[in-house]
Amino acid sequence: MKKKCFLIILLGFISLNSFSQYDFESKVIECFQVSGHPNGIDLFLEKDSIENYLLENRFLQGTTGKDYKALLHELNANPLQLVEILSQRFALIQEESIHSTLFFNCISTLQQRDSLLFQSSRLHEITKQLVNLNDPEKSNLLSLFDQVFTPEDLDEPFYQLYTYQILSMVSTKSYLIKDLAKRNLNQSPVLEFDMTAQSKIYFAGKVITLKQISKEVTTFLKQDMAFHFIKVNAKRETKFTDFVKLMDTISTTYDAFIHGKSLEIYSIEFEKLTESQQSALKERYHFEIIEEVLE
């Protein structure tokens, strides 16, 4: 009888412990709501804006933890979709509403104020797992978070918001883009120019002027691709000043293209965009010049 009573109490304690493991995260959400109101931020209204965007564009199939888990899993398998998500309206919503500084300030403040609650939280366990990973800076961050978060975690509003922060963080860090660029160099179309020792520039077997190069580069950038690689092959004897002129023409053309896209997407000039918006735009139209010196 005593054993039975003990078992009932133990099961009740386990159940209670399981129920309370997200209490810390709930307090963070409350803190975020209070912090956001003076700045005119309605947390759940803004969360719904991002969630509805993801749903409408079929990146997210539903609003349960399983759906969010599926999103992370799919992005880990096909990270090009993340570039697509962040190049569109998501980046603008993210910048204007779900401020990451407010979010992480609440975590830091509560962690110091209520350390016991944090110690028993799911966030504490997740933090330990991430800290114990070897060199996470060089790891595939999407893969790490896909492994760490459970569907039960992602049922919580805290971790759904955390997902948005992760997507923003992964994209604004150069890890994702550089990794994808390496993987996609051999699979993506490459616009290629050849410079002779006499500094003549050839494209598709014909001599081409700098003005024509600008036109070809613009046409190439307009193609709907996540990566735009432009390769310049030059002879070792090519005049350096002529080589620089070619590189400047390509870079200037790209800058003009990005400025045009800024007006098209955001209706404001590129210089007036936030850093987050500028990064999202440049990531959407990722541009890289590959130089090769030929004998």
*Asks:* Indicate whether the side chain of Ser199 and that of Thr238 have a donor and an acceptor atom separated by less than 3.5 Å.
*Replies:*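 Per modelled atom types, Ser199 and Thr238 side chains form no pair under 3.5 Å.
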*Asks:* Looking at Leu55 and Gly62, what are the two nearest heavy atoms and their distance?
*Replies:* CD2-N, 3.6 Å
*Asks:* Rounded to the nearest 0.5 Å, what's the gap from CD on Gln119 to CG on Asp114? Could you check?
*Replies:*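 Rounded to the nearest 0.5 Å, the CD-CG separation comes out at 10.5 Å.
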*Asks:* Are the side chains of Tyr159 and Arg122 in touch, meaning some heavy atoms are under 4.5 Å apart?
*Replies:*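 In short, these two side chains touch, coming nearer than 4.5 Å.
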*Asks:* At what distance, to the nearest 0.5 angstrom, does CD of Glu237 lie from CE of Met195?
*Replies:*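 Going from CD on Glu237 over to CE on Met195, the span is 12.0 Å.
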*Asks:* Counting C-beta onward and ignoring hydrogens, is there a side-chain heavy-atom pair between Ile201 and Asp242 closer than 4.5 Å?
*Replies:* no
*Asks:* Taking the inter-plane angle between the rings of Phe59 and Tyr53 on a 0 to 90° scale, is it parallel (under 30°), tilted (30 to 60°) or perpendicular (over 60°)?
*Replies:*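 Taking Tyr53 first and then Phe59, their aromatic rings sit tilted (interplane angle of 30° to 60°).
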*Asks:* For Leu161 and Lys47, run side chain to side chain contact (heavy atoms under 4.5 Å, CB included): C-alpha distance rounded to whole Å, both residues' side-chain angles, the deciding distance at 0.1 Å, then the answer.
*Replies:* CA-CA 7 Å; Leu161 285 166; Lys47 176 183 178 296; 4.1 Å; yes
*Asks:* Side chains of Thr252 and Asp255: do they bring a donor and an acceptor to under 3.5 Å?
*Replies:*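 Side-chain D/A pair, Thr252 to Asp255: absent.
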*Asks:* Could you check whether any side-chain N or O of Gln278 sits under 3.5 Å from a backbone N or O of Phe270, counting only pairs where one atom can act as donor and the other as acceptor?
*Replies:*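 Checked: pair present.
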*Asks:* Please round to the nearest 0.5 Å and tell me the distance separating atom NZ of Lys66 and atom NE2 of His73.
*Replies:*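 With rounding to 0.5 Å, NZ (Lys66) is 14.5 Å from NE2 (His73).
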*Asks:* What's the verdict on ring-ring contact (aromatic ring centres under 6.0 Å, His included) for Phe149 and Tyr162, showing C-alpha distance, side-chain angles and the deciding distance?
*Replies:* CA-CA 10 Å; Phe149 287 145; Tyr162 205 97; 5.8 Å; yes
*Asks:* Do Thr163 and Gln160 have side-chain N/O donor and acceptor atoms under 3.5 Å apart?
*Replies:*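 No.
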*Asks:* For the residue pair Cys31 and Leu110, establish whether any side-chain heavy-atom pair is separated by less than 4.5 Å.
*Replies:* yes
*Asks:* Given Ser214, which of Thr209, Thr253, Thr219 fulfils the side chain to side chain contact (heavy atoms under 4.5 Å, CB included) condition?
*Replies:* Thr253
*Asks:* Give me the ring orientation class for His228 and Phe220: parallel if the planes are under 30° apart, tilted from 30 to 60°, perpendicular past 60°.
*Replies:*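 Correct class here is perpendicular.
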*Asks:* With a 3.5 Å cut-off and no angle check, do the side chains of Glu192 and Tyr202 form a donor-acceptor pair?
*Replies:*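 Distance-only check fails for Glu192 and Tyr202.
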*Asks:* With a 6.0 Å cut-off (strictly less than), is the heavy-atom count around NZ of Lys69, excluding the residue itself, greater than 12?
*Replies:* yes
*Asks:* So, do Ile107 and Phe158 sit near enough that their side-chain heavy atoms are less than 4.5 Å apart?
*Replies:* yes
*Asks:* Say whether, by atom type as modelled, one donor and one acceptor occur between the side chain of Gln112 and the main chain of Thr109 under 3.5 angstrom.
*Replies:*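 Not at all, since once roles are kept as given, no pair shorter than 3.5 Å links the two residues.
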*Asks:* I need the Asp146 CG to Asn76 CG distance, nearest 0.5 Å.
*Replies:*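 If I round to the nearest 0.5 Å, the distance is 5.0 Å.
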*Asks:* Strictly by modelled atom types, are Glu271 and His259 linked by a side-chain donor-acceptor pair under 3.5 Å?
*Replies:*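 Note: Glu271 and His259 side chains meet the donor-acceptor criterion.
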*Asks:* Taking Ser262 for the side chain and Ile268 for the main chain, is one N or O donor matched with an acceptor at less than 3.5 Å?
*Replies:* yes
*Asks:* Within this structure, what is the OG1-CG distance for the pair Thr63 and Leu154, rounded to the nearest 0.5 Å?
*Replies:* 12.0 Å
*Asks:* Would you mind checking if Lys261 and Glu264 are paired as a salt bridge, meaning a charged N to carboxylate O distance below 4.0 Å?
*Replies:* yes
*Asks:* Using only heavy-atom distances, determine whether the side chains of Asp153 and Tyr22 contain a donor-acceptor pair under 3.5 Å.
*Replies:* yes
*Asks:* Determine whether a donor-acceptor pair (N or O, by modelled atom type, separation under 3.5 Å) exists between the side chain of Asp67 and the backbone of Thr64.
*Replies:* yes
*Asks:* Answer with yes or no whether the hydrophobic clustering places Leu263 together with Tyr254; edges join I, L, V, M, F, W, Y residues whose side-chain heavy atoms lie under 4.5 Å apart.
*Replies:*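 Each belongs to a different hydrophobic cluster.
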*Asks:* Report yes if the side chains of Ile29 and Cys106 come closer than 4.5 Å at any heavy-atom pair, otherwise no.
*Replies:*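 No; the side chains remain at least 4.5 Å from each other.
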*Asks:* Kindly say whether Phe118 contributes a backbone atom to a donor-acceptor pair with the side chain of Gln111 at under 3.5 angstrom?
*Replies:*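 Here the side-chain-to-backbone pair does not exist.
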*Asks:* Taking the side chain as every heavy atom from C-beta outward, state whether Ile213 and Phe193 have any atom pair closer than 4.5 Å.
*Replies:* yes
*Asks:* Considering only NZ, NE, NH1 and NH2 on the basic side and carboxylate oxygens on the acidic side, decide whether Lys235 and Asp194 come within less than 4.0 Å.
*Replies:* no
*Asks:* What distance do Phe287 atom CZ and Leu191 atom CG have between them, rounded to the nearest 0.5 Å?
*Replies:* 9.5 Å
*Asks:* Is it the case that over 12 heavy atoms from other parts of the model lie below 6.0 angstrom from the NE2 atom of His124?
*Replies:* yes
*Asks:* Dump the intermediate steps for side chain to side chain contact (heavy atoms under 4.5 Å, CB included) on Val232 and Ile250, then the final yes or no.
*Replies:* CA-CA 10 Å; Val232 176; Ile250 294 172; 3.9 Å; yes
*Asks:* Could you check Gln21 against Ser120 for side chain to side chain contact (heavy atoms under 4.5 Å, CB included), going step by step and ending with a plain yes or no?
*Replies:* CA-CA 6 Å; Gln21 67 178 334; Ser120 63; over 6 Å; no
*Asks:* Do the side chains of Glu51 and Tyr68 get nearer than 4.5 Å, heavy atoms only?
*Replies:* yes
*Asks:* Is there side-chain contact between Ile230 and Val190, with heavy atoms separated by less than 4.5 Å?
*Replies:*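 No; the side chains remain at least 4.5 Å from each other.
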*Asks:* Could you go through Gln33 and Phe44, starting from their C-alpha distance and side-chain angles, then the distance that decides it, and tell me whether this counts as side chain to side chain contact (heavy atoms under 4.5 Å, CB included)?
*Replies:* CA-CA 8 Å; Gln33 284 180 284; Phe44 284 99; 3.5 Å; yes
